[in-house]
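What follows is one structure encoded as structure tokens, with my remarks underneath.
Proteins get letters first, then strands, A, B, ... in listed order; numbering begins at 1 in each. All heavy atoms count here, side chains included; hydrogens, waters and symmetry mates do not.
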2 protein chains.
Amino acid sequence: MKLTSKGRYAVMALADLARFDNIHPVSLRDISLRQGISLDYLEQIFSKLRKKEIVQSVRGTQGGYVLNKKAKEIKLTNIFDAVDEKVKTVQCKKESKKGCNGKSAKCLTHNLWDELENHINNFFEEKSLDDLVKNNSERRI
Amino acid sequence: MKLTSKGRYAVMALADLARFDNIHPVSLRDISLRQGISLDYLEQIFSKLRKKEIVQSVRGTQGGYVLNKKAKEIKLTNIFDAVDEKVKTVQCKKESKKGCNGKSAKCLTHNLWDELENHINNFFEEKSLDDLVKNNSERRI
DNA sequence: TAGATACTTGACTATTTTAGTCAGGTTTAT
DNA sequence: ATAAACCTGACTAAAATAGTCAAGTATCTA
């Protein structure tokens, strides 16, 4: 089980952006340089973040991106959701109306994975972008 | 982020095995049939579980596998560890003595992923095989 | 002691996912 | 006008996953 780069990058980029928010829009180019993430990849990611209304874009020279809500109101859940990073532990064939692995009932461990998903999602729902930025306020880059 | 089948199968198979433990060895063939997991794949998985001394094998007719410890003492951590299912959230280049993404310092979100790893691992360390079986004692298959 | 059952090991492979790249736009501040 | 910056969709190399396949070895039971 691992977190994918897309999710990590999304959070990293937004944390970067949050530090400059309310001052001026932040260009992807700057985020790319500071965080070491490919510009093209960032554009893909921000396209999704914009569609989910987590950020707003400002076009033209001196443009960039701005948070669409207060950092405190943006939970990690929202970010992961936007970039299709999902916590997925069971793959039951839902179409077949059967349980796990094509068997008639839920597999022995079905409840376990449900619990695990909840456990992880709770973590993401508690953490906001604001928490991250505050945690790093002593650092510059 | 998702849990891989290998880890899920390992836990499912061991939960199945735990129900019959102390009665007789359980053959992989039976587990395969009951849990709908390929026999060949199970063999790969159990080879790893045996090396980590989570199970013992009993050869010959009526042979199979037996737990090597009490179900209460087998934590999910041990199982995931045995089959190389790891919770991995950051990929910092450790060899380069640099921080994340080749930058000089830890990335903005580094601490976050550490916390997340701990959060997930705590879950796995608390749950034992015994918890699983008890949770399902009302069910037959 | 024959033969079936069941474990054991290692190599191989198709599929899927990931982590991007690339090309060609459009918008807007200056 | 033009450069900076956003925007979009198609494409792809590499890695991981989820197995399969083949060829054993050990041991119980009849």
Would you please confirm or rule out a distance under 4.0 Å between OP1 or OP2 of [N] and any side-chain N or O of [X]?
{"X": "R50(B)", "N": "dC7(C)", "result": "no"}
{"X": "Y9(B)", "N": "dA18(D)", "result": "no"}
{"X": "S5(A)", "N": "dT18(C)", "result": "no"}
{"X": "Y65(A)", "N": "dC7(D)", "result": "yes"}
{"X": "T4(B)", "N": "dA16(D)", "result": "no"}
{"X": "S47(B)", "N": "dT9(C)", "result": "yes"}

How long is the line joining [atom1] of [X] and [atom2] of [N], in whole Å?
{"X": "L42(B)", "N": "dC21(D)", "atom1": "CG", "atom2": "P", "result": "16 Å"}
{"X": "Q44(A)", "N": "dA19(C)", "atom1": "CD", "atom2": "P", "result": "11 Å"}
{"X": "Q56(A)", "N": "dT27(C)", "atom1": "CD", "atom2": "P", "result": "18 Å"}
{"X": "Q62(A)", "N": "dT28(C)", "atom1": "CD", "atom2": "P", "result": "16 Å"}
{"X": "L28(A)", "N": "dG20(C)", "atom1": "CG", "atom2": "P", "result": "16 Å"}
{"X": "K6(B)", "N": "dT20(D)", "atom1": "NZ", "atom2": "P", "result": "13 Å"}
{"X": "I45(B)", "N": "dG19(D)", "atom1": "CD1", "atom2": "P", "result": "9 Å"}
{"X": "K48(B)", "N": "dG10(C)", "atom1": "NZ", "atom2": "P", "result": "12 Å"}

| said: So L42(B) and Y65(B), do their side chains get closer than 4.5 Å, heavy atoms only? | reply: no

| said: Which is more 5' along DNA chain C, the nucleotide nearest E43(A) or the one nearest S27(B)? Just name the residue. | reply: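 This one resolves to S27(B).
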
| note | Nearest-nucleotide check on DNA chain C, G7(A) vs D40(A); residue mapping nearer the 5' end is G7(A)

| query | Between dT5(C), dA4(D), dG20(C), which nucleotide gets closest to the side-chain atoms of T61(B)? | reply |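 Output: dT5(C).
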
| query | To the side chain of R59(B), which of dG19(D), dT27(D), dT8(D) is closest? | reply | dT27(D)

| message | Quick one: does any side-chain atom of D30(B) pair with a main-chain N or O of S27(B) as donor and acceptor, under 3.5 Å? | response |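 The answer is no, because no donor-acceptor pair under 3.5 Å joins these two groups.
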
| query | Does the S38(A) side chain pair with the main chain of Y41(A), one donor and one acceptor, at a distance under 3.5 Å? | reply |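 Answer holds: yes.
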
| query | Should we count CD of E53(B) as having more than 12 external heavy atoms under 6.0 Å? | reply |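 No, the 6.0 Å shell around CD holds no more than 12 heavy atoms from other groups.
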
| message | Students often get this wrong, so: under 4.0 angstrom with heavy atoms, is F46(A) touching a base, only sugar-phosphate, or nothing? | response |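 Answer is nothing: F46(A) stays at 4.0 Å or more from every strand.
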
| task | Search all heavy atoms of L39(B) against all heavy atoms of S32(B) and return the closest pair with its distance. | result |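 Minimum heavy-atom separation between L39(B) and S32(B): N-OG, 3.7 Å.
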
